[in-house]
Every structure is written in C-alpha cells, then in structure tokens.
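The structure under discussion appears below in the form of structure tokens.
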Protein chains: 2
Amino acid sequence: MVKIKDIAESCGLSIASVSKALSGKSDLSQKTIEYVQQVAKEMGYVPNASARLLKTNRSYNIGVLFVDKTSSGLEHEYFSTILNSIKDEAEKNGYDITFISHHFSNNNLTFYEHAKYRNVDGVIIASVDFKDPEVIKLVDSSLPTVTIDYDFNDKSSVDSDNVQGIQDIISYLVENGHKKIAFIQGDDTSVTQKRVTSFYRACAIHNVPVKEEYIKQGAYHIPQVSGKATRELLELPDRPTVIMYPDDYSLLGGITEIEKHGLRIPEDISIVGYDGIKLSRLLRPVLTTYVQNSSEIGIQAARKLIDLIENPKTSLPERISVKGYMQKGETVKKIN
Amino acid sequence: MVKIKDIAESCGLSIASVSKALSGKSDLSQKTIEYVQQVAKEMGYVPNASARLLKTNRSYNIGVLFVDKTSSGLEHEYFSTILNSIKDEAEKNGYDITFISHHFSNNNLTFYEHAKYRNVDGVIIASVDFKDPEVIKLVDSSLPTVTIDYDFNDKSSVDSDNVQGIQDIISYLVENGHKKIAFIQGDDTSVTQKRVTSFYRACAIHNVPVKEEYIKQGAYHIPQVSGKATRELLELPDRPTVIMYPDDYSLLGGITEIEKHGLRIPEDISIVGYDGIKLSRLLRPVLTTYVQNSSEIGIQAARKLIDLIENPKTSLPERISVKGYMQKGETVKKIN
DNA sequence: TTATCTTACTAAAACGTTTGACTAAGATAT
DNA sequence: ATATCTTAGTCAAACGTTTTAGTAAGATAA
C-alpha cells in the first residue's frame, strides 16, 4: 500500500508537508498542495483510517447495536428499514457503520468495551433489551448514544410516535362507529406501555368503554400468539367489533383464526394492524394499519448522533418523535 | 482510556511483558501472566483494535457490500436474512462487520479504496450490480472476497441453487398435471439467467412444450410489474394453467390482478412464488413457493471468507451452492 | 571452573498518521 | 544596515500496539 512517506519521497517533500497538503489546510503554497494531491492520486494513495484515528481520536465510524431477543432484529422490516436509513444518512456525512455486539469468541467484551475496542465515535441502539445492565452501562458511558424507541434520562432518543399512533387508530375507529374495541398488546416493553396508556386515554376521551376482557397480552411478530388471542376474543359472549393487533405480521395469525371461525373481514369483524409493512398494501383486503415512518426514524437517529459527536459542547440531549399516518385500508367496516 | 503502558507501570513491568502476558503466549512465567491479566481486568483495560491493526495488519473486521440499485437491498427479507446470518457467523469467529459503500461526502472512495481505508480483512459482496467496474476491481484485488449469487472466475461465491429450485418447481407442477406453464422472469441478472436456462431444460426433460408467449420479462420485488405480466397472461386466448413468479412479494401483484379478473386461486389458475418469505406461510391460501435457505447462504459466505482470510495459502476458490426446498402450499391445483 | 542453556524478562523499532514547535530564506519596514 | 514579519516548509514526538533481538541471572553440563 502506498503511504504518505512514498508520496513524500516521490515529491521531494517531507512527510509533514504531504500530510498537510492532503488535508488541504495549513500554510503550504497552493502549487505544492495541488502537486501533492496530483501525485497522491496517481500513486493510488488511500489514507489509513486506523493510523489517522490513533492520532486524532476520531474514527468516523458509528456503532450500531441491534440485538433482538429472537436474534433476528434485522429480519423485521421495521428494523431493517431503520438500519438501511441509518446507513444511508451516515454515509452521506462521511461515517461508516460497524455492528456492535457480544463477541462469542476468545475475548468476551461487553457492548461498551466492544465500542471502545473499535473506537466508534458513537452508538445507535435499537431493538435490544433496554433493561440489560450492559446496555445501561453503554448509554451511561461517555460515548455519545442515541436510542431508538426507548428513552433514558438525559440521553437522546428517537421514537416512533406510538401515543399518536394509537390515538389516531382509536379516532378512526370511533369515526366508523366502533365502540367495542379489542386490543392485543405486544410484549412488555416501553413501546407497549406507551401504546396501552394511549389506548386507555383515547378511549376515555371518546367515551368508549374499555372492557378488560377486550385487552389481551400478546407478543410482537408471533402470529400464533395473535391467533390465540383472537380466538379468545371471538369466543367471548359479547364479541368486539374490531381487533387491534400489535403489528401487521402477527395480525396474519389473527386472520387465519377469524377465517377458521367462518367470519369475514370486515363484514363480520374489523381488524387493524400496526407498522405499515410494505405487504400491508398488497394484501386483499388492504390492511388498515398505522404506518410507522421507519426510514425517517433512522435518518433522525443518525443525524442526532452525528450532531452529538461533532458538537459535544452544544448538542443537547433530545427526544425526537417521528409521526406516522393512518393507512385507511379495507379491514375496518363502518357500522351504523 | 487505560492502555498497556498504564498496566505496565502498575505492575512494575515493561510494556513488552504486559503485551505478551495479555496475549497469553510467549515466555513469561505463569505467575506473571495471571497477575497481569488480573490487573488489566481490574483497571478495565480494553485493547485498541486500530493500534493493534497497525502492527499486525489484521483488523478482524469484514466488509459487507450491499448496494441495491433501489438502494434498499437490506429491506428485502432475502438479503436482510443473509446479512443477519453473516453477522452472527462472523461474530462467532471474532470478526466484526463494517459496511462498505461509496462515500458521498468529502472524499470519494471507490469500493476497493473504502475497503482499504477501513482495513477490512475481506469483503462479502451481495445485491450489487456485478458488472460495475468498481465491483470488478474490488473482486480482482488482493483482498479476499466472497460474492453471493454471482460467480467470478477463480473467486469464491455462494449461490442459492436456482437451477435446482426451478427444476423442483417444474417437477412439482408436472406431477400435478400442469403442462401450460407461464414464467415471469426477474430482471436480467445472472440469477435470472440460471433460472431461465433451468426452466427450459426442465421443461424439455418433462416434455412440457414451452410457449414463447408464456415467458414474460418481469422484475424482482415490483408487484406492479408482475401484475401487468399476469394481466397479459390472463388475456391470452390459450391461458396458462399456472404462473411462476420471480419472487413471493411481487407475486402479490399477480394475485390482485387475478382477482380483478374474477378468477380464484387455485381453482381457476395456479400460482407459484420464489423465496419462501416468512409471510408466505401465513397467507391464505398458503403460497406454493421455493424456499431459499438464506441464512445458510450467509453462514457459508462468512465461513468461506474467514477461511480465505486465515488460510491464504491453502484455501482455494470455491463455489458453494445452497439448496432450498419446495413449500407445497395451497396455490397449485392438481389437474386431471 | 568455565561454558552453555534456560528462564524471564526488557529495549527499541515499527506500523501510518497528525500536529505543534521550529527554521531558513526572502520581503518589508525603519 | 538591522530588525521584524511572512512564507513555505521541516522536525520530531506522539497515538497504542506488537515483535525481534537482546540480556542478566541462575541452572546445568563437561
């Protein structure tokens, strides 16, 4: 690999001068700067990020922590879209992305140690167990961090606006005459808590009575669980007119169950999803669901992290909330 | 950050001794080794990958090149599953993953330059335009590379077995009495070429006449395109009894079109997808499709790359083919 | 006793950069 | 003519490691 020294020799200049010429600044003659850059190009010079980092303490590398309990965080469309937009936004700003994780090999580094080991300038944390002491240690460290869909005190985060999402769904259902609203929750996470709180609040505002038997514990992304909850709801003496699911994917487990009961959607029962996965528009009937703006979430997270990295003195902890919108599909029936 | 020098001072040893003690090998007394490791742990020492790399020329970091033309390679389940399994397998072996890409910022590095800049030990290439001169340059460089779903001369690759896949589908269709088989192809890539060749061959073997009007140019992951092709097929005077789609996702565009024509699946027309996305099992009717073993593809790619990195002398270029299997769903009707 | 071998360490160079302090030569001011 | 200021560069240390060659002290062999 050609290095600065080679260019220096080729140009008859000192290493220091070449380094300065390549970075463009400093007190070299314009002629020299251009000459050096020209030669560097011809020689196929590529700087060495590691050597540079050693001196500057800046890696222009962002760590991304993505560890689903099911170890397939990336396979959920919501998260892969977020990752993709983090990547794009980071690249636009000259940053690369490295995954942070446990090392199952020789050395067993914690998340924080791993981030230090790789010298990342900051970390974006998504789809993890936010109660994990290791995650907490990472967030509490001196490294800039941005969490997604979870808030830590005095730390920056980007959230999908779950409160607004549930509110919009309830408003829409009420507009369509629904009063018997069932809600299958996801796993017990802060996202779920926000949704549940918002659910009760919105129902109260709209004078919709909340029946406890309409509220079901469920799980994200597991069709079987939504299926089971659906069955229980359908077998209630006083059946709900609409069922809200934790996400579009697990909703499909509900559909199966509904069809097993010989019911039609939306004629006999309405359903609402959450997420707005791409497929939701292709299914027939088209899903009524709340579309999360996942790529915007990724963009905001990357921007905020880079801001924290580049302006450590002036960038304040911030909670960014990203709104989505109702996709008014065909799975909710207007009743009397 | 605590560094080796700090440990050395604390232990009253030289830097060299500490370094050796931490790596465990070499000619130090067992007592010293244990003592040093103990102190290092207490002081919270984390090695610095960049400094280490500078001396050893090994980063234990793998580059991943994932650039879809639609710039959303990651959002396709096939690729996000591959990425996820690359990541898992790499981590198990002590490697990290960094994305390789163009830098849209200040310095405009080629893929190869970027890989060099970040000192990755090797690169896995997937979901790119393999005709891109930059990609070719990267593959032809001295860096170990593994391509996914594309073969370069004398280079290692991992392929989903598309030949077998199409063969299995045709066999299954023939078993079920189908002779009028339509095939909507994906974009013009090497994967498509393999599938098309396999299609003709399999049809020949089974004595299925291939009607040229049953073969349609299409595209991957674009429901509208599959929808249009479907419409044209349905309007043929001699309609096919089954339509093969380039992928499960775009197949949904076909379903919409079929329903518009008032036809039922599979009673009036059979359909077959490709990929085996998770949703394919949840849809009703359950999709008949060929399931690609995408996580195995990622695992194999990571393993081969690490093998190439660690055994540069003995590891030979290899073409690994990963088989999938037929998911016999409910979208193909058995006919007389 | 002296020579050789082990053992347990240390010294110092090197990896490729960046950067603050320095300098030589010419220009300008007095 | 001397002092000061610019300009255009150079020097050398430093970043945190690894590693080769070396060494001092004690053990063993002849």
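A, B, ... follow the sequence lines: proteins, then strands. Residue 1 opens every chain.
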Using whole Å, report how far OH of A:Tyr35 lies from P of D:dG9. 12 Å

Charged N to carboxylate O under 4.0 angstrom, B:Lys137 versus B:Asp140? no

Side chain of B:Ile4 - closest among D:dG16, D:dT18, C:dT17: D:dT18

What contact category does A:Val18 fall into here, base, sugar-phosphate, or nothing, at under 4.0 angstrom with non-hydrogen atoms? nothing

Round to the nearest Å and state the distance from B:Met1 atom CE to D:dT17 atom P. 10 Å

Remember a base hit wins even if backbone is also touched, and classify B:Ser19 as base, sugar-phosphate or nothing at under 4.0 Å, heavy atoms. base

Mutual orientation of the aromatic rings belonging to B:Tyr60 and B:Tyr95 [parallel < 30°, tilted 30-60°, perpendicular > 60°]: tilted

Side-chain H-bond candidate by donor/acceptor type, B:Thr98 with A:Thr98, under 3.5 Å: yes

To the nearest angstrom, how far is B:Ile7 atom CD1 from D:dG16 atom C1'? 11 Å

B:Asp159 vs B:Ser321, test: side-chain hydrogen bond (donor to acceptor under 3.5 Å, both in side chains). Steps then yes/no. CA-CA 5 Å; B:Asp159 282 50; B:Ser321 192; over 6 Å; no

B:Phe79 and B:Phe66 aromatic ring geometry - parallel, tilted or perpendicular at 30°/60° bounds: perpendicular

5′-ward residue of the pair B:Asp27/B:Ala16 relative to DNA chain D: B:Ala16

Is the side chain of A:Ser17 donor-acceptor paired with the backbone N or O of A:Leu13 at a distance under 3.5 Å, no angle test? no

Among the nucleotides D:dT17, D:dT10, C:dC9, whichever has the atom closest to the side chain of B:Thr32 is C:dC9

Measure from the side-chain heavy atoms of B:Lys55 and tell me the nearest of C:dT17, D:dG9, D:dG16. D:dG16

From CD1 of B:Ile15 across to C1' of C:dC9 the rounded distance in Å is 14 Å

Which nucleotide in C:dC9, D:dT19, C:dG16 has an atom nearest any side-chain atom of A:Asn48: C:dG16

Does A:Lys20 make a side-chain donor-acceptor contact with the base of C:dG20, cut-off 3.5 Å? yes

Among D:dT18, C:dT18, D:dG9, which is the nearest nucleotide to the side chain of A:Ser17? D:dG9

Could you tell me whether A:Val46 contacts a base, only the sugar-phosphate backbone, or nothing, with contacts defined as non-hydrogen atoms closer than 4.0 Å? sugar-phosphate

What's the closest nucleotide to the side chain of A:Ser14 if the choices are C:dT17, D:dT10, C:dC9? D:dT10

May I have the distance from A:Gln30 (atom CD) to D:dT7 (atom P), rounded to whole angstrom? 14 Å

Whole-Å gap separating P (C:dT19) and CG (A:Leu54): 13 Å

Indicate, with a heavy-atom threshold strictly under 4.0 Å, whether A:Ser50 touches base, sugar-phosphate, or nothing. nothing

How would you label the contact of A:Ser29 with the nucleic acid (heavy atoms, under 4.0 Å): base, sugar-phosphate, or nothing? sugar-phosphate

From CG of A:Asn57 over to P of D:dT17, roughly how many Å is that when rounded to an integer? 12 Å

OP1 or OP2 of D:dT17 under 4.0 Å from side-chain N/O of B:Tyr45: yes

How long is the line joining NZ of A:Lys5 and C1' of D:dC11, in whole Å? 15 Å

